[in-house]
Amino acid sequence: MSNETVTHSILKAHGPKLEWLQDTVVREVPLTIHYNREEIATLLCSPSQTEELTFGFLINEGFIQVPEDVYEIRHDPVDHLVWVEGKPCLLQKELMSKRFVSACCGKSRASFCYANDALMVKPITSTYSILLQEAYEYAKYLESYLPLFQETGGIHSGGVGNQGEIVLTSYDIGRHNVFDKLSGSAFRSRISLENHVIFFSGRVSSEILLKVAKMKVPILIARGAPTDMALSQANALNITVVGFARDRRLNIYTCHDRISN
């Protein structure tokens with residue numbers, strides 16, 4: 001993890017006592033993605049699973065659909081640059097102009113996500129279901145997964161599960177990056193996610209819900225709270241949203257029949 005953290009001298013207070021300590025802080029780097037020699041985005045992210053993040057971003061923005069769409073990928077880990085050569089995207093310039101994407105899912109992200117979503121997102125048809133105990137196990141995994149979070153407290157984590165087995169994992173400073181990395185990992189491994197569960201450490205915003213829909217995953221389990229817009233979208237897209245999943249407790253907000261006791 002030496003590449004993913006740095007140390008800072010801090011003045012720590014405990015009651016009236018002050019002392020200087022060395023604190024471990026998670027790294028944040030700008031990753032600039034080029035597709036067919038055109039710069040399309042700069043993502044602020046953790047310096048891990050870079051190629052998976054790139055593929056996931058390109059999938060979720062409509063540039064690529066299958067592994068054969070990618071001809072070549074090159075990564076410069078020093079300057080944090082990625083070049084992808086792939087199948088020409090006829091709507092490339094219309095779909096995405098150069099932009100800056102922040103790690104906090106604020107206005108910079110919401111300002112451009114809707115144009116592609118209308119073309120890419122469809123209601124989930126999967127009838128996949130799980131037992132309540134399996135949902136608890138995914139929540140428990142989030143609590144114990146990733147020593148990097150325990151060391152820094154500065155990242156989000158997530159994973160993909162199937163029949164109680166952990167299939168994929170990812171982490172990042174940005175919530176949306178976690179889902180792009182999972183999507184990119186599944187893409188590279190040629191894993192269809194239609195009968196899988198995604199579990200996630202953060203809250204469920206409309207942006208997160210749309211990423212789940214693009215991945216065609218029927219069940220999302222999160223430690224945090226959902227927003228009303230996310231739940232409205234989940235109902236429309238037939239996605240089961242579980243929130244506040246921790247300590248053998250959880251709330252099932254939508255499409256309740258996919259989780260049984």
* Decide side chain to side chain contact (heavy atoms under 4.5 Å, CB included) for S9 and L21; before the verdict, give the C-alpha distance in whole Å, the side-chain angles of both, and the deciding distance to 0.1 Å. => CA-CA 6 Å; S9 295; L21 297 173; over 6 Å; no
* Specify the closest pair of heavy atoms between S185 and E52, including all atoms of both residues, with the distance to one decimal. => OG-CG, 3.2 Å
* Looking at side-chain heavy atoms only, is the closest gap between Y138 and F200 below 4.5 Å? -> no
* May I have the step-by-step check of side chain to side chain contact (heavy atoms under 4.5 Å, CB included) for L231 and D228, ending in yes or no? => CA-CA 5 Å; L231 295 181; D228 64 332; 5.7 Å; no
* Asked: Below 4.5 Å, heavy atoms only, C-beta onward: do F63 and I40 meet side chain to side chain?
  -> yes
* To do: Determine whether more than 12 heavy atoms belonging to other residues, nucleotides or ligands lie under 6.0 Å from atom CD of Q65.
  => no
* N251 side chain to F244 main-chain N or O, any donor-acceptor pair under 3.5 Å? -> no
* If you measure from OG on S170 to CG on N177, what distance do you get to the nearest 0.5 Å? -> 9.0 Å
* Asked: Would the number of heavy atoms belonging to other residues, nucleotides or ligands and lying under 6.0 Å from CD of E165 be above 12?
  -> no
* Working for side chain to side chain contact (heavy atoms under 4.5 Å, CB included), residues R203 and T227 -> CA-CA 8 Å; R203 63 183 177 87; T227 67; 4.1 Å; yes
* Asked: If every non-hydrogen atom of N36 is compared with every non-hydrogen atom of P88, which pair is closest and at what distance?
  -> ND2-CA, 3.8 Å
* Asked: Backbone N or O of E207 within a donor-acceptor pair of the H176 side chain at under 3.5 Å?
  -> no
* Side chain to side chain, V167 and I191, heavy atoms closer than 4.5 Å -> yes
* Got a second to check how far S126's OG is from I219's CD1, nearest 0.5 Å? -> 7.5 Å
* Go through L237 and L209 one step at a time and tell me if the side chain to side chain contact (heavy atoms under 4.5 Å, CB included) criterion holds. => CA-CA 9 Å; L237 295 170; L209 195 283; 4.0 Å; yes
* Kindly work out whether a path of hydrophobic side-chain contacts (I/L/V/M/F/W/Y, heavy atoms less than 4.5 Å apart) joins L132 to L142. => yes
* Asked: Checking D247 side chain against R249 main chain: does a donor-acceptor pair fall under 3.5 Å?
  -> no
* Structure fact -> When every non-hydrogen atom of A234 is compared with those of T254, the smallest separation belongs to CB-OG1, 3.7 Å
* Asked: Hey, is the main chain of S192 close enough, under 3.5 Å, to the side chain of H196 for a donor-acceptor pair?
  -> yes
* Is the count of non-hydrogen atoms from other residues, nucleotides or ligands lying under 6.0 Å from H14 atom NE2 greater than 12? -> no
* Taking the side chain as every heavy atom from C-beta outward, state whether K211 and N60 have any atom pair closer than 4.5 Å. => yes
* N/O donor-acceptor pair under 3.5 Å between N162 side chain and N195 backbone -> yes
* To do: Return the minimal non-hydrogen interatomic distance between R175 and S205, and the atom names on each side.
  => NH1-OG, 3.6 Å
* **Between OH on residue Y136 and CD1 on residue I259, distance to nearest 0.5 Å** => 9.5 Å
* Ionic contact status for K87 with E68, cut-off 4.0 Å -> no
* **Which atom of F199 lies closest to which atom of G161, heavy atoms considered** => CE2-N, 3.9 Å
* Asked: Are R258 and I130 close enough that some pair of their side-chain heavy atoms sits under 4.5 Å apart?
  -> no
* To do: Output yes when E85 and R37 qualify as a salt bridge under the 4.0 Å nitrogen-oxygen rule, no when they do not.
  => yes
* To do: Start with the C-alpha distance between T42 and T32, add both sets of side-chain angles, then the distance that settles side-chain hydrogen bond (donor to acceptor under 3.5 Å, both in side chains), and finish with yes or no.
  => CA-CA 4 Å; T42 296; T32 299; 3.0 Å; yes
* Under 3.5 Å, side chain of D69 to main-chain N/O of V66, donor-acceptor pair present? -> yes
* **Sole candidate of D172, T54, T169 that passes side-chain hydrogen bond (donor to acceptor under 3.5 Å, both in side chains) when paired with K181** => D172
* Side chains of I252 and L250: closer than 4.5 Å at any heavy-atom pair? -> yes
* **Side-chain (T5) to main-chain (V25) donor-acceptor, under 3.5 angstrom** => no
* Spacing of Q233 atom CD and I208 atom CD1 [to the nearest 0.5 Å] -> 11.5 Å
* **Transitive ILVMFWY side-chain link V242 to I166, under 4.5 Å** => yes
* What are the two closest non-hydrogen atoms of C255 and T240, and how far apart are they? -> O-OG1, 2.8 Å
* Going through the distances and angles, do K216 and T125 end up as a side-chain hydrogen bond (donor to acceptor under 3.5 Å, both in side chains)? -> CA-CA 9 Å; K216 299 180 174 61; T125 59; over 6 Å; no
* To do: Side-chain contact test, heavy atoms from C-beta onward, threshold under 4.5 Å: evaluate it for I73 versus F55 and give yes or no.
  => yes
* Structure fact -> Output for pair (L220 CG, M215 CE), nearest 0.5 Å, gives 10.0 Å
* Taking the side chain as every heavy atom from C-beta outward, state whether Y128 and V197 have any atom pair closer than 4.5 Å. => yes
* Asked: Rounded to the nearest 0.5 Å, how far apart are CG of L182 and CD1 of I198?
  -> 6.0 Å
